[in-house]
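So the structure is just underneath, and the comments pick up after that.
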Number of protein chains: 2
Amino acid sequence: MNTIADIARLAGVAKSTVSRYLNGGSVSEETKKKIEIVIAETGYAPNAFAQSLKAKKTNIIGTIIPRLDSYATSRTLIGIDERLRELNFHMLVSNTNQDLEREIENIYTLAKQKVAGIILLATQITDDHLKAFKQINIPVLLVGQQHDDVYSLVHDDETAGYAIGKYIIQRGHKNIAFLGVGEHDIAVGVNRKKGVKKAVADHDDIDARFFETTFNMSEAAIRAQSLFDEFSPSALVCATDNIAIGAVKAAYQKNLRVPEDVSITGFGGYEVTAMMHPSLTTVQIHFVDAGRTAASHIVKLVNGEDIPKLTYSNFEIILRESVDIRTDHPI
Amino acid sequence: MNTIADIARLAGVAKSTVSRYLNGGSVSEETKKKIEIVIAETGYAPNAFAQSLKAKKTNIIGTIIPRLDSYATSRTLIGIDERLRELNFHMLVSNTNQDLEREIENIYTLAKQKVAGIILLATQITDDHLKAFKQINIPVLLVGQQHDDVYSLVHDDETAGYAIGKYIIQRGHKNIAFLGVGEHDIAVGVNRKKGVKKAVADHDDIDARFFETTFNMSEAAIRAQSLFDEFSPSALVCATDNIAIGAVKAAYQKNLRVPEDVSITGFGGYEVTAMMHPSLTTVQIHFVDAGRTAASHIVKLVNGEDIPKLTYSNFEIILRESVDIRTDHPI
DNA sequence: TATCAATTTGGAACCGGTTCCTAAAGTGCC
DNA sequence: GGCACTTTAGGAACCGGTTCCAAATTGATA
């Protein structure tokens, strides 16, 4: 690999001239030609490190994610990547495997790598997070969680939870179960549940019960089975599509027909939910769009522009086959 | 942020001494203490660029992937990331969105970023690829595709295809359809089909027909429907799990029972295939393990160690509910 | 105590770019 | 043709580390 000094020597100019040529300074047409030819011949590409060393900045955005094998994560990453590419940035992905300590560690590592900004697909924000954000002095954007001290982009989980709860109630369901996850996850564990609870609270004739499982499909299936043993809901609202898929499986195993015996809804809008039998009514979150917005925002922050402290992404309820009307109750 | 010169000044030593302290050269106990204290107080972290500039190398492995929203990709990335972390390397992900030109472009960009090595989850290898590999002078490992001139790790698609074909034939099926993808994808489009064809060729009483669709679930469902119109297979072997999921959907829409009327198999071992109704018999490829192996291999290459030019990853057939025995034919 | 080897330390050069400053060349106007 | 002003080009310093080399210190041995 050759350096700028080689190019300068071959073209018979000073390296500052070559640098100016590359960065658009004032260079005569004649000199431009000479340099152009040498660069074309040698296939010269500037050393990104030497550039970054001086500039004290890269065009890399670090993205920290809790897990890779999640539809939500993948789709969000696609959006981030797409938009960053348009803005001439790169995406460096760091997976934490849902380990909070590794999350903190990654923040510092990315800072050391001098990424221009960090997008954190967060599940919860601790004091250690805030301390890290303060120390690294690099723009940070949270996705999926909100904190007053940090720029955030959140899926409007509570409103979405409210909407799906409302919908189920409108379909005449009175015995409603909610299968969620632990409250350590603010967005999924707390806000979605809160929204559903709020919808339930609007009515005084609903028997709603709240259960908990993990993000894992198989575990959700097992939990749903025991749920069906202790309670016979006419509708089961699940906090994620994966949980809903497990619940549908559990229903089959219990010989419950979906939606005739029990209606089931998901949350996320994963592609496979359209292909299931029955296809799943679910809350679709526009992850790719959210990712694109996140990318736009972090780049603005990097460039010193201002953005709103808090942004909401969009959602819509996709009506499919897994929810039935209870005609024994008026709609 | 402070530099090594600051630390040296505060500790009252030369910066070469601090550098030696950090990199394990000979430093007296007394000096070590002094430097240690200053570093602890300042929270000093070396500038990775300055280090890389001199070392002409990073501890970053670039991974180029065709798409992010694929189970196979996610799982492989998890394995790569996991193992790289153990080996003290980082993973930089570049998504090409199945655009071959962008793939080439990414190879050069990563080289410019001075990544230590590149793992390419490839779908096909063109002359442009080979040219790029030659020019960048950085170790490259292909995953999922094989080429004689490049180190490769392949899922043994042909053998796996042969195995699933053999299995279906053993279950007594005579009218077999294969729903694959275009031949531009060597692993999925060519090798899996080739394996199945080979299994069919071992017998002379099989009517096997081969169809094509894309990797997209919905498109696969549409293709499967028209397939059922033109041919009535007792078994449908699909080239990916996503295609199989679409096929199952199509079967329902055609009022065909799975597996009573038509047996369906997948390829990949995606988690959701266990939760479907009926659960899907599929070829499970151990993507995470493959990713781990890929990471180990690329690091060995980076360190100048030798590895086999070609490595095969493992697979196994997961027997579930979507395949029936045809008792009208002897097994 | 003198000599020599081993350990520790500091200074300077270097990695490959960018940028500032100054000098030289080119241009326009009177 | 001379003067002022603008372009263009070169040289040197700098970014923040690592490494080589030589000097200084320590310790062991005779």
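Because the structure is predicted, anything quoted here is derived from the model rather than measured. Residue numbers begin at 1 in each chain, while the letters A, B, ... track the order of the sequences. Excluded from the calculations below are hydrogen atoms, water molecules and symmetry mates; all remaining heavy atoms, backbone and side chain alike, are included.
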- Aromatic ring pairing F287(B)/H155(B), orientation class (parallel under 30°, perpendicular over 60°, tilted between): perpendicular
- Message: Between K33(B) and E36(B) (salt bridge meaning N to carboxylate O under 4.0 Å), is one present in this structure?
- Response: no
- Note on the structure: Taken in chain and number order and not counting sequence neighbours, the residues that satisfy salt bridge (Lys or Arg N to Asp or Glu O under 4.0 Å) with R67(B) are D69(B)
- Message: Checking R85(B) now: which residues fulfil salt bridge (Lys or Arg N to Asp or Glu O under 4.0 Å) with it, not counting sequence neighbours?
- Response: D81(B)
- Enclosure of K309(B) NZ (heavy-atom neighbours >12, cutoff 6.0 Å): yes
- Item | side-chain contact (heavy atoms from CB on, under 4.5 Å) partner of I136(B), chosen from V115(B), I107(B), L110(B) | I107(B)
- Item | Axial bend angle, the helix from dT1(C)-dA30(D) to dC30(C)-dG1(D): five-pair end segments, nearest 10° | 40°
- K300(A), NZ atom: more than 12 neighbouring heavy atoms under 6.0 Å: no
- Quick check: are there more than 12 heavy atoms from other residues, nucleotides or ligands sitting under 6.0 Å from CG of N23(A)? yes
- Note on the structure: Residues of residues 43-50 of chain B with a heavy atom under 4.0 Å from any atom of DNA chain C, listed by number, are none
- Range on DNA chain C touched by chain B, heavy atoms, distance below 4.0 Å: dT8(C) to dG16(C)
- Closest non-hydrogen atom pair between A116(A) and I61(A), with its separation: CB-CD1, 4.3 Å
Scan nucleotides 8-12 of chain D against the protein and return all N/O pairs shorter than 3.5 Å with their distances rounded to 0.1 Å.
unit_1, atom_1, unit_2, atom_2, d
dA9(D), OP1, S28(A), OG, 2.8
dA9(D), OP1, T31(A), OG1, 2.1
dA9(D), OP2, S28(A), N, 3.0
dA9(D), OP2, T31(A), OG1, 3.4
dA9(D), N7, R20(A), NH1, 3.3
dG10(D), OP2, A14(A), N, 2.9
dG10(D), OP2, T17(A), OG1, 3.1
dG10(D), N7, S16(A), OG, 3.3
dG10(D), N7, R20(A), NH2, 3.0
dG10(D), O6, R20(A), NH2, 3.3
dG11(D), O6, S16(A), OG, 3.2

- Message: Give me the atom names and distance for the closest heavy-atom approach of T96(A) to P66(A).
- Response: OG1-CA, 3.3 Å
- Task: Determine the minimum heavy-atom distance between L53(A) and A50(B), stating which atoms define it.
- Result: CD1-CB, 3.8 Å
- Query: Which pair of non-hydrogen atoms, one from Q124(A) and one from H184(A), has the smallest distance, and what is that distance?
  - Reply: CB-O, 3.4 Å
